[in-house]
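Here is the structure we will look at, set down as structure tokens.
Values below: all heavy atoms of this structure, side chains included; hydrogens, waters and symmetry mates excluded.
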Amino acid sequence: MSLDQDQQLRSGCHDKTTLRLDSSDSRELAKQPLQGLKLASHKVLEKAQQTGRLKCSKCGGSRMFFCYTCCSLVGVSIQEIPIKLPVKIDIIKHPNETDGKSTAIHAKILAPSDVTMYTYPCVPEYDKNNVVLVFPGPEAVSVKDIRRCLGNRSKTKLHDHFDEPCPKRLAIEDPNGGTQGAKNPEAEAIDEAKIQESKVFPLQRVVFIDSTWNQTNKIITDERLQGLLQVELKTRKTCFWRHQKGKPDTYLSTIEAIYYFLLEFHQSFLVQEYNGEYDNLLFFFSYLHSVINKAKTSAGKC
């Protein structure tokens, strides 16, 4: 189902072939794994669903809740957004990924100032010392290991910098006779800045790939992403209603991956206790999950 179709679902009786009901999926959805989140009220979405689809004021497309083309809300006003994130998020979207099926747009709409989306092959040049890529792999580390791993990279880079031959200083006369090296204030300032920078938490940006798992190879092997520290969320299980068969349940949808990364990042590195600061990233996801759960359950009774 496309996101458009997901947004049209009601809790009444539906055609089983349209919903592609799977009994195991229904049992899994019935567990309600998204309970306990500190979310804005879903009443605004319930009302918008009753109103029906509206035209996007920017592109004129018929949309429900939001326009995935313009990254804007449609017929919905939410006081709790925008959400402020502790790090910048980049999402690299596969060109064949259908906009209406992607959950990445949720992040852009809910945290617009901290989320940037690119469509492959458009990929920025990243500094490998302060950017990580969330993607599973044999060399991937946990969120808790990020600071140590990036810190080691920064130390290596800084060590290499100081190992470089120093430029000869200008010889000036010493008042006591002889000569001495002239200090370069600008160079000293740069060195001091680098030392101080190495003491600060090194992570500045997190990269996510938005694609079906079968399409990720083209992006993950791009030379511009090579050398980035890979991070894997090994203990989280997906609640996505479009989970791909044959893939482990730890393979998350894009918005789930962003949310769980930020949750673990906050719990691992930020001083203040987590109090649901990023829960609203799952605002749309949790609502659609609930609606589809009800629709599949009702379809099973038809």
Side-chain angles (χ1 to χ4, degrees), residues 1-9 29 33-46 48-49 53-54 56 58-59 61 63-94 97-119 134 206-213 233 236-244 251-266 276-293:
M1 293 180 292
S2 69
L3 187 58
D4 275 350
Q5 290 171 320
D6 294 341
Q7 292 168 335
Q8 293 179 65
L9 291 174
L29 285 168
L34 298 175
Q35 295 297 311
L37 297 173
K38 293 186 177 181
L39 299 170
S41 174
H42 279 155
K43 289 183 179 179
V44 65
L45 298 183
E46 294 170 357
Q49 192 173 16
R53 302 166 68 81
L54 299 173
C56 171
K58 297 180 180 179
C59 69
R63 302 288 188 260
M64 177 91 68
F65 306 148
F66 55 82
C67 179
Y68 47 76
T69 303
C70 303
C71 299
S72 59
L73 294 171
V74 176
V76 171
S77 177
I78 309 168
Q79 292 182 346
E80 287 81 356
I81 63 172
I83 305 167
K84 183 62 181 174
L85 307 182
V87 293
K88 298 297 183 182
I89 302 292
D90 280 4
I91 300 171
I92 302 174
K93 175 179 171 294
H94 193 284
E97 181 70 7
T98 305
D99 290 337
K101 289 185 176 182
S102 171
T103 63
I105 191 64
H106 299 186
K108 179 60 179 174
I109 291 174
L110 296 167
S113 63
D114 292 321
V115 176
T116 305
M117 296 186 67
Y118 300 92
T119 300
V134 177
V206 186
V207 181
F208 295 83
I209 295 176
D210 185 48
S211 168
T212 62
W213 287 100
L233 304 168
R236 305 294 182 174
K237 294 184 178 181
T238 186
C239 299
F240 195 29
W241 47 91
R242 231 183 267 112
H243 178 65
Q244 296 175 47
Y251 279 24
L252 308 173
S253 67
T254 304
I255 194 62
E256 289 176 300
I258 294 173
Y259 169 72
Y260 285 125
F261 176 90
L262 293 173
L263 175 61
E264 293 188 19
F265 176 84
H266 188 112
E277 285 84 352
Y278 322 124
D279 285 8
N280 271 321
L281 285 173
L282 297 177
F283 179 70
F284 293 115
F285 184 90
S286 61
Y287 181 72
L288 292 172
H289 180 277
S290 174
V291 170
I292 293 169
N293 180 16

(message) So does A40 get a backbone contact from the side chain of N280, meaning a donor-acceptor N/O pair under 3.5 Å?
(response) yes
(request) Test side-chain contact (heavy atoms from CB on, under 4.5 Å) on L85 and L281 and set out the steps. (result) CA-CA 10 Å; L85 307 182; L281 285 173; 4.1 Å; yes
(message) Using 30° and 60° as the class boundaries, would you call the ring planes of F65 and Y287 parallel, tilted or perpendicular?
(response) perpendicular
(request) Fit a plane to each ring of H106 and F66, take the angle between them on a 0 to 90° scale, and name the class: parallel (under 30°), tilted (30 to 60°) or perpendicular (over 60°). (result) perpendicular
(message) In the structure I gave you, are the side-chain heavy atoms of Y260 and Y278 within less than 4.5 Å of one another anywhere?
(response) no
(message) To check you understand the geometry: which heavy-atom pair defines the closest contact between A48 and M64, and what is its length?
(response) O-SD, 3.7 Å
(message) Give me the atom names and distance for the closest heavy-atom approach of A104 to T254.
(response) CB-CG2, 3.8 Å
(request) Mind listing the closest non-hydrogen atom pair of C67 and I109 along with its distance? (result) O-CD1, 4.4 Å
(request) Indicate yes or no: at least one non-hydrogen side-chain atom of F283 is less than 4.5 angstrom from one of V44. (result) yes
Review item, side-chain donor-acceptor pairs of residues 69-79, under 3.5 Å, at least two apart:
from: T69; atom 1: OG1; to: R63; atom 2: NH2; distance (Å): 3.1

(message) Keeping K93 on the side-chain end and D210 on the backbone end, is there a donor-acceptor pair under 3.5 Å?
(response) no
(message) Between Y259 and T103, is the side-chain contact (heavy atoms from CB on, under 4.5 Å) condition met? List the steps.
(response) CA-CA 12 Å; Y259 169 72; T103 63; over 6 Å; no
(message) Is the shortest side-chain heavy-atom distance between I105 and D99 below 4.5 Å?
(response) no
(message) The criterion is ring-ring contact (aromatic ring centres under 6.0 Å, His included); which residues satisfy it with H94, sequence neighbours excluded?
(response) none
(message) Just verifying a value: how many Å separate D90 CG and D114 CG, rounded to the nearest 0.5 Å?
(response) 11.0 Å
(message) If you define the side chain from C-beta out and look only at heavy atoms, does anything of F240 sit under 4.5 Å from F285?
(response) yes
(request) State which residue, out of I89, V115, I91, fulfils the side-chain contact (heavy atoms from CB on, under 4.5 Å) condition with K108. (result) V115
(message) Going by salt bridge (charged side-chain N to carboxylate O under 4.0 Å, His left out), name the pairs with one or both residues in residues 254-265, residues two or more places apart or in two chains.
(response) R236-E264
(request) Decide yes or no for L45 and F284: does some side-chain heavy atom of the first lie under 4.5 Å from some side-chain heavy atom of the second? (result) yes
(request) Please round to the nearest 0.5 Å and tell me the distance separating atom CG of D279 and atom CG of L263. (result) 7.5 Å
(request) Answer whether the closest heavy-atom distance between the side chains of F208 and F261 falls below 4.5 Å. (result) yes
(request) Please report the shortest heavy-atom distance between T238 and S253, naming the atom on each side. (result) OG1-N, 4.1 Å
